Amino acid sequence: MALHDWLMPRENVHYSSADMVEYGGTELKFHITDQRIVLHNKKGLIFKKEAIVTERLEDVITMAYKEEGVLFMKKGVLQIQTPNKVMDFKGKPESIKVIWHNLQQYVKR
């Protein structure tokens with residue numbers, strides 16, 4: 001299934017990350033819609049595997065950015081807190097910063 005198969009009726013994608021981010025040990029593409037954060041990955045030619053994670057934008061309480069590692073091994077970390085969980089998304093620092101800035105436009109807190 002493509003990403004659009006997972007969207008709700010009249011839900012529109014406003015941003016898609018250029019790079020993959022790591023969440024829970026899985027590499028996923030980060031998307032922001034007008035209603036949710038959607039992480040999606042589809043891989044495999046013959047034995048297709050798909051992964052999807054979603055979180056409603058209205059449930060986001062706080063967001064924080066930090067960097068881990070040294071020199072060439074640095075990773076950007078975007079931490080998103082909701083009422084039920086804390087999610088850490090990791091990737092290239094410049095990519096994670098772009099995601100953070102884009103999320104600022106859609107999170108209403």
Side-chain angles (χ1 to χ4, degrees):
M1 295 176 84
L3 172 65
H4 286 34
D5 295 330
W6 293 99
L7 298 179
M8 304 300 287
R10 295 183 301 279
E11 184 175 17
N12 299 302
V13 176
H14 292 290
Y15 170 79
S16 294
S17 63
D19 298 313
M20 302 291 259
V21 299
E22 180 187 330
Y23 176 68
T26 304
E27 296 280 318
L28 302 149
K29 202 76 144 149
F30 196 105
H31 307 277
I32 303 169
T33 75
D34 46 5
Q35 299 173 31
R36 302 181 291 167
I37 295 167
V38 180
L39 292 107
H40 180 259
N41 188 9
K42 182 178 175 182
K43 57 184 172 179
L45 296 173
I46 298 171
F47 300 105
K48 297 184 187 309
K49 293 183 181 180
E50 197 163 20
I52 187 146
V53 177
T54 67
E55 192 64 47
R56 295 182 320 171
L57 288 172
E58 65 188 43
D59 288 342
V60 174
I61 296 170
T62 61
M63 297 187 311
Y65 173 82
K66 64 181 178 180
E67 291 183 359
E68 296 177 341
V70 292
L71 297 176
F72 301 108
M73 301 299 288
K74 272 191 180 179
K75 282 194 173 187
V77 180
L78 172 61
Q79 187 174 78
I80 297 176
Q81 180 182 354
T82 67
N84 300 320
K85 61 186 158 200
V86 176
M87 301 173 287
D88 287 336
F89 304 100
K90 298 180 181 184
K92 296 178 185 174
E94 50 281 345
S95 297
I96 299 297
K97 286 178 187 175
V98 171
I99 292 170
W100 186 86
H101 284 290
N102 277 281
L103 263 176
Q104 290 292 321
Q105 298 175 44
Y106 300 104
V107 173
K108 309 285 192 267
R109 294 259 175 215

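Everything numeric here is computed off the predicted structure, so don't read it as measured data.
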> Can you list the steps and then say if L78 with L103 is a side chain to side chain contact (heavy atoms under 4.5 Å, CB included)?
Replying inline: CA-CA 11 Å; L78 172 61; L103 263 176; 3.9 Å; yes
> Run the side chain to side chain contact (heavy atoms under 4.5 Å, CB included) check on I37 and V60 step by step: do they pass?
Replying inline: CA-CA 10 Å; I37 295 167; V60 174; 4.2 Å; yes
> Given K29 and M20, is the side chain to side chain contact (heavy atoms under 4.5 Å, CB included) satisfied, shown in steps?
Replying inline: CA-CA 5 Å; K29 202 76 144 149; M20 302 291 259; 3.9 Å; yes
>> Could you walk me through whether V98 and Y15 satisfy the side chain to side chain contact (heavy atoms under 4.5 Å, CB included) test, starting with their C-alpha distance in whole Å, then the side-chain angles of each, then the deciding distance to 0.1 Å, before giving a yes or no?
In response: CA-CA 10 Å; V98 171; Y15 170 79; 3.4 Å; yes
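To the nearest 0.5 Å, atoms OG1 (T33) and CZ (R56) are separated by 12.0 Å. Rounded to the nearest 0.5 angstrom, N84 CG and I61 CD1 are separated by 8.5 Å. Rounded to the nearest 0.5 angstrom, L39 CG and S17 OG are separated by 8.0 Å. Distance CG/D88 to CD/E22: 10.0 Å, rounded to 0.5 Å. Atom NE2 of H14 is separated from atom CD of Q105 by 10.0 Å, given to the nearest 0.5 angstrom. Rounded to the nearest 0.5 angstrom, E50 CD and W6 CH2 are separated by 5.5 Å.
Judged purely by atom type and a 3.5 angstrom limit, T82 uses its side chain to pair as donor or acceptor with the backbone of K85. For the pair D5 (side chain) and A2 (backbone), a donor-acceptor distance under 3.5 Å is present. Side chain of N41 to backbone of E27: a donor-acceptor contact under 3.5 angstrom is found.
Cluster annotation: V77 and V21 are assigned to distinct hydrophobic clusters (Ile/Leu/Val/Met/Phe/Trp/Tyr, side-chain heavy-atom contacts under 4.5 Å, transitive). Residues F89 and Y106 share a single hydrophobic cluster, defined by chaining ILVMFWY side chains whose heavy atoms lie under 4.5 Å apart. If you chain together hydrophobic residues whose side chains sit under 4.5 Å apart, Y65 and M87 fall into the same group. In the hydrophobic cluster analysis, where Ile, Leu, Val, Met, Phe, Trp and Tyr join through side-chain heavy atoms closer than 4.5 angstrom, I96 is grouped together with L57. Put simply, M63 and F30 are part of the same group of oily side chains (I, L, V, M, F, W, Y) that touch within less than 4.5 Å, one to the next.
Other residues sharing the hydrophobic cluster of V86, ordered by chain and number and joined by side-chain separations under 4.5 Å: none, the residue standing alone.
Among all heavy-atom pairs drawn from M8 and E11, the shortest one is N-OE1, 2.7 Å. Between P93 and E67, the closest heavy-atom pair is CB-OE2, 3.6 Å.
Salt-bridge formation is not detected for the pair E94/K92: no Lys NZ or Arg NE/NH1/NH2 atom is positioned less than 4.0 Å from an Asp or Glu carboxylate oxygen.
Of the candidates D34, L3, I32, V13 forms a side chain to side chain contact (heavy atoms under 4.5 Å, CB included) with just one, namely L3.
Using a 4.5 Å cut-off on side-chain heavy atoms (C-beta onward), L7 and Q35 make no contact.
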